[in-house]
Amino acid sequence: MTDVKFRPLHDRVVVRRVESEEKTAGGIIIPDTAKEKPSEGEIVAVGSGARDDDGDIIQMDVKVGDRILFGKWSGTEIKLNGEDLLIMKESDIMGVVG
């Protein structure tokens, strides 16, 4: 796992997409142009949390290492240390896997 030298702010997380399978169950190889980007990933960095109306920090429900599901169009793609990652708000996460 790459050590990310980036700290997201507030209620944002940095996510590494989980690689999709290269073949179907029947052994057919899927070309890159036909692959759909997965909506599953692993959290590599988290912010400190959002602030409520009183200024208190609301703790994040996710942590580094969690496998998550997120919407197909969620987040903003970035490149850090040559690796393609996503930054998204915690509210874009649908749930934790496992």
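Fair warning: this is a prediction, and the values are worked out from it, not measured in the lab.
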### Task
Would you check, one step at a time, whether the test side chain to side chain contact (heavy atoms under 4.5 Å, CB included) holds for Val13 with Ile93?
CA-CA 9 Å; Val13 297; Ile93 298 171; 3.9 Å; yes
### Message
One pair to check against side chain to side chain contact (heavy atoms under 4.5 Å, CB included): Leu85 and Lys79. What are the steps and the verdict?
### Response
CA-CA 6 Å; Leu85 301 169; Lys79 188 171 269 225; over 6 Å; no
What are the two closest heavy atoms between [X] and [Y], and how far apart are they?
X: Arg12; Y: Met60; value: O-CE, 3.8 Å
X: Gly75; Y: Asp92; value: N-OD2, 4.1 Å
X: Val46; Y: Pro8; value: C-CG, 3.5 Å
X: Ile57; Y: Ser48; value: CG2-O, 3.2 Å
X: Asp61; Y: Glu90; value: N-OE2, 2.6 Å
X: Ala45; Y: Phe6; value: CB-O, 3.8 Å

### Message
If hydrophobic clusters are built by linking Ile, Leu, Val, Met, Phe, Trp and Tyr wherever their side-chain heavy atoms come under 4.5 Å apart, do Ile78 and Val44 end up in the same one?
### Response
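Per the 4.5 Å side-chain linkage, Ile78 and Val44 are co-clustered.
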### Query
Checking side chain to side chain contact (heavy atoms under 4.5 Å, CB included) for the pair Val96/Val62: CA distance, chi angles, key distance, verdict?
CA-CA 8 Å; Val96 178; Val62 294; 3.9 Å; yes
### Message
Checking Ile68 against Ile43 for the side chain to side chain contact (heavy atoms under 4.5 Å, CB included) test, could you report, in this order, the C-alpha distance in whole Å, the side-chain angles of both residues, the deciding distance, and whether it holds?
### Response
CA-CA 7 Å; Ile68 59 162; Ile43 295 181; 3.8 Å; yes
### Message
Can a donor-acceptor pair be found, under 3.5 Å and without considering hydrogens, that links the side chain of Asp54 to the backbone of Asp56?
### Response
no
## Note on the structure
Interatomic distance, CZ@Phe70 vs CE@Met94, rounded to 0.5 Å, equals 8.5 Å
### Query
Of Arg67, Arg17, Lys72, which meets salt bridge (Lys or Arg N to Asp or Glu O under 4.0 Å) against Glu40?
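The passing option is Arg67.
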